[in-house]
Protein chains: 2
Amino acid sequence: MSSSKTKKRVTLHDVAAKAGVSIATVSYVLNNQGSVSDDVRKAVRRTAKQLGYRQNRAARAMKMGRSSILGLLVPNIENPFFATVAQSVLAESQKKGYQIFLVDTEGSHESEVKAMEGLVAQGVDGVIVFPIDDSELSATTKIPVPVVVLDSDTPDLDLVQAEYFEGGRMLAEHLISLGHKNFGVLEGPRIVSGVRARTRGFAESIADDCNIVWQEEHAFAMTLTDEAKALLDSGGITALVCGNDLIAMAAIAHYRDSGVAVPENVSVVGFDDIPFASVITPALTTVHMPIATMGKEAVNLLIRRLEAKDAPAARSRVVLDVELVVRQSTAPPDKGQKL
Amino acid sequence: MSSSKTKKRVTLHDVAAKAGVSIATVSYVLNNQGSVSDDVRKAVRRTAKQLGYRQNRAARAMKMGRSSILGLLVPNIENPFFATVAQSVLAESQKKGYQIFLVDTEGSHESEVKAMEGLVAQGVDGVIVFPIDDSELSATTKIPVPVVVLDSDTPDLDLVQAEYFEGGRMLAEHLISLGHKNFGVLEGPRIVSGVRARTRGFAESIADDCNIVWQEEHAFAMTLTDEAKALLDSGGITALVCGNDLIAMAAIAHYRDSGVAVPENVSVVGFDDIPFASVITPALTTVHMPIATMGKEAVNLLIRRLEAKDAPAARSRVVLDVELVVRQSTAPPDKGQKL
DNA sequence: GTACTCAAGTGAAACGTTTAAGTTCAGTCT
DNA sequence: AGACTGAACTTAAACGTTTCACTTGAGTAC
């Protein structure tokens with residue numbers, strides 16, 4: 001309702017006209033380029049501010065061929081792990097002058113591919129993706145913008161991952177040192193390579209006299225399948241290894257409802273160390289992932305590749321350390337095995 | 001590495017040339033407009049697909065003056081409440097053909113304003129925002145695109161909110177029916193109007209012989225301030241009312257560490273009913289918010305206003321029902337008051 | 001046969017920006 | 001004095017779309 005009754009956006013033309021220079025000069029000033037005298041610089045900036053000029057990014061994007069927009073694909077933003085990564089990606093790219101298109105692929109590889117196409121059509125400069133199915137991701141390689149892959153293992157793309165195998169090994173070591181010998185494994189979707197790595201790390205690190213009584217694939221979600229519940233109820237194990245903290249929390253809730261005490265009757269471990277892991281009862285023993293760092297590294301990797309567009313630098317690969325965090329959900333098995 | 005060695009994007013020109021028609025015709029075909037014979041339609045579509053044509057959205061956005069991009073501002077994407085809203089916003093806008101710029105304002109009103117400006121500069125068609133400080137939001141009214149406000153109370157903007165007052169009332173009723181009389185309130189940031197409403201709903205609905213022993217403002221986070229901890233340790237209450245589920249979870253964890261049993265020694269209630277509320281121990285009594293619906297409604301409200309741009313329809317206001325969910329964190333106070 | 005109408009398609013001007021190439025002019029070197 | 005230099009600024013051509021206004025030619029009504 002102010003003086004600017006006109007709906008029209010203020011353009012370079014308007015500023016140029018008012019300042020009595022050409023639009024080229026205005027453009028140079030506003031982009032801190034070209035050779036323009038200080039007087040004119042100041043004058044242009046003043047009138048620009050005065051008129052409330054806002055750059056039309058669409059026009060700029062079209063002219064320049066780049067949009068300063070990055071795409072971020074996550075399987076499920078409700079999962080705190082991905083939420084935290086998203087947060088760090090947002091913060092870092094904000095700092096670097098990029099906006100983020102967020103897409104939740106809802107765990108479907110199909111929508112992942114479709115989303116990727118959509119992002120490219122929208123003109124993103126690059127994409128950061130947590131792949132559902134990285135075996136098929138190479139097919140995605142044909143997309144015409146740089147891609148950074150998180151949490152996965154693709155041969156020809158830049159990637160950021162954590163020491164999943166090592167994480168699995170740490171869990172094995174910890175549980176064995178407590179005296180556990182019979183394990184149940186409620187792992188994540190095996191289509192995700194990081195999931196396979198952590199299970200492998202665990203399986204290959206248990207002693208000869210230990211055995212995995214059962215192993216079940218499960219979605220990264222807090223509602224357990226009937227199969228999973230049946231296995232939990234079947235007993236025969238003293239420690240449960242879960243694919244991530246969400247599954248671990250669900251398992252603990254199920255044990256609680258069934259009257260099985262954690263960790264007295266059965267120890268439970270997770271993976272990721274989401275913020276909730278330390279707050280729930282019992283506080284969860286898990287593998288701490290450098291979640292925030294992952295997002296930050298991914299953005300930097302991507303931007304580095306964007307800015308060095310022409311130089312086809314070798315593929316980068318950032319591997320981050322993980323850490324075992326022992327809390328209250330694990331204990332020696334001898335405290336009175338119930339099942 | 002396929003036949004398309006050329007880096008150049010395929011444009012309307014290319015398609016037109018190959019199909020032997022003008023670019024205008026191609027544009028009409030691809031937008032399902034104009035009068036074009038079926039034969040030509042098919043031919044154009046075929047060559048477009050064949051050449052792998054992708055619309056340049058930046059060019060389109062510039063020409064049309066709209067980008068089909070919506071902005072979503074949330075205070076903290078790590079908070080599952082906002083994550084869930086974001087998910088529903090993403091899903092709904094995806095369905096309607098809009099992309100989403102997500103911005104995490106990190107709880108700062110300053111960055112909220114800045115982000116809003118940035119989004120407008122980027123050319124979003126509209127914005128959905130969870131305001132930090134809605135008293136100052138009216139200042140934001142001068143932004144030149146439609147805005148839908150979530151979870152707040154602004155006089156002149158479209159908004160979606162829940163029955164916060166009623167939620168507070170329900171909690172009071174529930175706790176009083178259990179026999180509680182002395183309450184502690186660990187509320188959320190009072191700058192958020194929804195927070196004030198829920199506290200008011202509670203405070204105005206307790207009986208005359210009840211009293212709020214203490215009341216403390218607290219961030220929506222799981223790490224408690226020293227002040228909050230001190231109050232929790234100070235005793236004198238039989239029920240604790242928390243601003244949201246995150247605070248409730250933190251309080252329960254603190255009580256656990258201090259050897260105070262929930263709900264035997266003190267009942268705890270939250271607000272929001274995030275997915276974790278039903279999984280933690282003890283499962284949390286809370287007020288269920290129609291979180292997913294909020295996001296969906298917000299998108300629809302915004303799109304409706306976008307498409308009916310010229311008709312300055314009256315401000316819409318969607319108010320959603322809430323529901324009390326009684327779980328295990330509340331019980332009668334007489335079970336043996338410890339403090 | 002003349003004058004319409006209408007479907008099918010084309011031409012070209014915008015949209016707002018960036019930037020290579022060009023112009024002007026004051027100053028400097030020989 | 002003449003030739004050159006460099007700073008300061010302008011001109012104008014793109015970028016890839018959309019869409020208004022126009023042409024063409026076939027069909028139809030009288």
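Computed from a prediction, not measured in an experiment: that's the story for all the values here. FYI, side chains are in, hydrogens and waters are out, and symmetry mates aren't considered; it's all heavy atoms of this structure. Here is how names work: the chains are called A, B, and so on, in the same order as the sequence lines, proteins then strands, and each is numbered from 1.
- Between B/Lys114 and B/Glu117 there is no salt bridge, since no side-chain N of the basic residue sits under 4.0 Å from a carboxylate O of the acidic one.
- The pair B/Arg317-B/Asp158 fails the salt-bridge criterion, with no side-chain N (NZ, NE, NH1 or NH2) lying under 4.0 Å from an Asp/Glu carboxylate O.
- For B/Ser35 against C/dA8, a side-chain N or O and a base N or O form a donor-acceptor pair under 3.5 Å.
- Protein atom CG of B/Asp38 is 8 Å distant from nucleotide atom P of C/dA8, rounded to whole Å.
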TODO: Apply side chain to side chain contact (heavy atoms under 4.5 Å, CB included) to A/Ile132 and A/Val192, showing your working.
DONE: CA-CA 6 Å; A/Ile132 312 276; A/Val192 178; 5.6 Å; no
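- Nearest to the side-chain atoms of A/Lys63 among the listed nucleotides D/dC15, C/dG11, D/dT18 stands D/dC15.
- Using a 30° and 60° split on the angle between ring planes, A/Phe82 and A/Phe130 fall in the perpendicular class, above 60°.
- Distance A/Leu12 CG to D/dC15 P: 19 Å, rounded to the nearest Å.
- Sequence order on DNA chain C of the closest nucleotides to A/His13 and B/Val40 puts B/Val40 first from the 5' end.
- Here D/dA7 presents its P atom at 17 Å from CG of A/Asp39, a figure rounded to the nearest Å.
- OP1 or OP2 of C/dA7 has not a single side-chain nitrogen or oxygen of B/Tyr28 nearer than 4.0 Å.
- One atom, CZ of A/Arg66, and another, C1' of D/dG16, lie 18 Å apart when rounded to the nearest Å.
- Phosphate contact (OP1/OP2 of D/dT18, side-chain N/O of B/Asn31, threshold under 4.0 Å): present.
- At the phosphate of D/dA7, neither OP1 nor OP2 sits under 4.0 Å from any side-chain N or O atom of A/Ser37.
- Between B/Ser27 and D/dT17, a side-chain N or O to OP1/OP2 separation shorter than 4.0 Å is absent.
- One interatomic measurement links the two molecules: NZ of A/Lys42 to P of D/dC9, which rounds to 13 Å at whole-angstrom precision.
- Closest approach to the B/Thr25 side chain among D/dT17, C/dT19, C/dG9 is made by C/dG9 (side chain taken as heavy atoms from C-beta onward).
- With DNA chain D read from its 5' end, the first of the two nearest nucleotides for A/Ala24 and B/Gln55 is the one closest to A/Ala24.
- The interatomic distance linking A/Leu30 (CG) with C/dT18 (C1') rounds to 12 Å, in whole Å.
- Atom CZ in A/Arg60 sits roughly 5 Å away from atom P in C/dT18 (whole-Å rounding).
- For the OP1/OP2 pair of D/dC9 and a distance below 4.0 Å, the side-chain nitrogens and oxygens of A/Ser22 include no atom meeting the criterion.
- If you check every strand for non-hydrogen atoms under 4.0 Å, B/Arg54 touches sugar and phosphate atoms only.
- Distances from the side chain of B/Ala59 to the nucleotides D/dA7, D/dG16, C/dT18 place D/dG16 closest.
- Side-chain atoms of B/Gln99 and B/Arg57 include no donor-acceptor pair closer than 3.5 Å.
- Heavy atoms of A/Met64 sit under 4.0 angstrom from primed sugar atoms or phosphate atoms, though from no base atom.
- Heavy-atom nearest nucleotides on DNA chain D were determined for B/Gln33 and for B/Asn56, and the one closer to the 5' end corresponds to B/Asn56.
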Open item on the list: Apply side chain to side chain contact (heavy atoms under 4.5 Å, CB included) to residues B/Leu150 and B/Met294 and explain how you reach the verdict.
Closed with: CA-CA 8 Å; B/Leu150 273 163; B/Met294 293 182 72; 3.9 Å; yes
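- Remark: P of D/dT19 and CD1 of B/Ile23 are 13 Å apart, rounded to the nearest angstrom.
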